[in-house]
Number of protein chains: 2
Amino acid sequence: MSVTNIDPEIIRLLKGSGARMTQKRQRILEALSSFDRPATAEEVRERAGLAPSDLVTVYRNLEAFQKVQILQRLPLENGTHLFELTAPGEHYHHLICRHCHKAERLDVCLSKSMEAKAKAKGFSQISHLLEVYGVCEDCRA
Amino acid sequence: MSVTNIDPEIIRLLKGSGARMTQKRQRILEALSSFDRPATAEEVRERAGLAPSDLVTVYRNLEAFQKVQILQRLPLENGTHLFELTAPGEHYHHLICRHCHKAERLDVCLSKSMEAKAKAKGFSQISHLLEVYGVCEDCRA
DNA sequence: ATTATTGCAAACCCTTTGCAACTTA
DNA sequence: TAAGTTGCAAAGGGTTTGCAATAAT
């Protein structure tokens, strides 16, 4: 029950940032890692076994996770977001189904070329977004 | 005053979709085309010389423009959006300053390879998002 | 003890919607 | 006159914030 399947490195990073390991935080982490696709905040809350009113806590934790770069936030076309645990410092790009949010990672990434180009133009604190959206076979009307 | 600098093709497309050319719509189009960068809905409203309460009208028009594919909506990292007129049916990718929204178009686009890959995986109605964010030289602290 | 986290409640803010009045074609 | 558009006012809905109570180190 209290045994976690969370990557120790993730726990180390969180503690290193001054964070404490609460039961809810642990549950949220476990919930996140149990998904095989990026999930909404609400889905995370539910899978973590938290009450609806705990959605705030979920958001606060997601923010904390993002700060230590173990979580990625993906924008959907409707203005909402999906969240996904990442290897520390990594980020991914996806092919995402607009309906069921099933997603698979794409093996493309522009980090190098893009960041170089952006830096050459005087930009700093560079990040980028690359996502492909569609409707998957199962969700096709 | 009533002379518009709007691409006739755009007007043709709008009319073809059943839209009517009202004064406000025209002003919104002109405002959009006057920007040298993607703009927020609020910025469009202001530049169009519309009252704050007309922001609704701006949004409704932006939606109409998007439908005929002469406008692109770009998500920012904070959950809001920028809007930009496009050549009919086209779309662009950008290097955008998080602070001033200054943007330049990137000469990369994944349409072909990505859409092919996505189709091969059974996806339909494919679209994609590719934006690079940073802080430009002028906005650097 | 000290500092982080949670709980509750409410605010935020961009964006959307309903419906009646008003234009455009 | 028929259909699209605007005005007004309000709701939506994901996300954030303030502050006191609580839990972790």
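Chain letters run A, B, ... following the sequence lines, proteins first and then strands; every chain starts at 1.
The nearest whole Å value for the distance from the NZ atom in Lys24(A) to the C1' atom in dT22(D) is 11 Å. We find that CD of Gln66(B) is positioned 12 Å from C1' of dT15(C), with the value rounded to whole Å. The separation between Ile11(A) atom CD1 and dA24(D) atom C1' is 15 Å, rounded to whole Å. Counting to the nearest Å, the P atom of dT15(D) and the CG atom of Leu71(A) are 12 Å from each other. Separating the CG atom of Leu76(B) from the P atom of dT15(D) is a distance of 15 Å, rounded to the nearest angstrom. One atom, CG of Leu74(A), and another, C1' of dT15(D), lie 17 Å apart when rounded to the nearest Å. If you take CD of Glu43(A) and P of dG13(D), they are 17 Å apart, rounded to a whole angstrom. Following rounding to the nearest Å, Asn61(B) (CG) and dT23(C) (C1') show an atom-to-atom distance of 14 Å.
Between Asp36(A) and Lys102(A) there is no salt bridge, since no side-chain N of the basic residue sits under 4.0 Å from a carboxylate O of the acidic one. Between Lys117(A) and Asp107(B) a salt bridge is recorded (basic side-chain N to carboxylate O distance below 4.0 Å).
An OP1 or OP2 oxygen of dC13(C) is reached within less than 4.0 angstrom by no side-chain nitrogen or oxygen of Thr80(B). Between His81(B) and dC14(C), a side-chain N or O to OP1/OP2 separation shorter than 4.0 Å is absent. Contact annotation: Lys15(B) side-chain N/O to dG4(D) OP1/OP2 distance is not under 4.0 Å. Residue Arg25(A) places at least one side-chain N or O closer than 4.0 Å to OP1 or OP2 of dT5(C). Regarding contacts with the backbone of dT16(C), every side-chain N or O of Asn78(A) stays at 4.0 angstrom or more from both OP1 and OP2.
Among the protein residues, Ala64(B) comes within range of no part of the nucleic acid, since none of its heavy atoms lies under 4.0 Å from any strand. The residue Gly79(A) sits apart from the nucleic acid: no heavy atom pair falls under 4.0 Å. Heavy atoms of Thr40(A) sit nowhere under 4.0 angstrom from any nucleic acid atom.
Out of dT6(C), dT16(D), dC14(C), the shortest distance to the side chain of Arg60(A) is found at dT6(C). The side chain of Ala19(A) lies closest to dT5(C) when the candidates are dT5(C), dT16(C), dT15(D). Distances were taken from every side-chain heavy atom of Thr22(B) (C-beta onward) to each of dG18(D), dT15(C), dT6(D); the shortest belongs to dT6(D). Out of dT24(C), dT6(D), dT15(D), the shortest distance to the side chain of Arg20(B) is found at dT24(C). For Met21(A), the side-chain atoms get nearest to dT25(D) when compared with the rest of dT25(D), dT16(C), dT15(D). Closest contact between the side chain of Ala41(A) and the listed nucleotides dT5(D), dT15(D), dT5(C) involves dT15(D).
Following chains of ILVMFWY side-chain contacts shorter than 4.5 Å, one cannot reach Val44(A) starting from Leu82(A), and the two form parts of different hydrophobic clusters.
Under a cut-off of 6.0 angstrom, the local environment of CD in Glu46(B) is sparse, with at most 12 non-hydrogen atoms contributed by other residues, nucleotides or ligands.
Along DNA chain D, the nucleotide nearest to Gly18(B) and the one nearest to Asp54(B) differ in position, and the one closer to the 5' end is contacted by Gly18(B).
Figure legend: Arg73(B) and Phe83(B) shown without cation-pi pairing, the cationic atom not lying both under 6.0 angstrom from the six-membered ring centre and within 45 degrees of its axis. Cation-pi contact between Arg98(B) and Tyr133(B): absent, since separation from the ring centre below 6.0 Å together with deviation from the ring axis within 45° is not met.
Glu131(B) and His94(B) are linked by a side-chain donor-acceptor pair at a separation below 3.5 angstrom, with hydrogens and angles left out of the test.
Under the 3.5 Å distance criterion, the side-chain polar atoms of Arg140(B) are left unmatched by any main-chain donor or acceptor of Val135(B). Under a 3.5 Å cut-off, the side chain of Asp54(A) and the backbone N or O of Leu50(A) do not form any donor-acceptor pair.
Below the 3.5 angstrom threshold, one finds no donor paired with an acceptor across the side chain of Arg73(A) and the base of dG14(D).
Across its full length, the helix from dA1(C)-dT25(D) to dA25(C)-dT1(D) shows an angle of 40° between the axes of its 5 terminal pairs at either end, rounded to 10 degrees.
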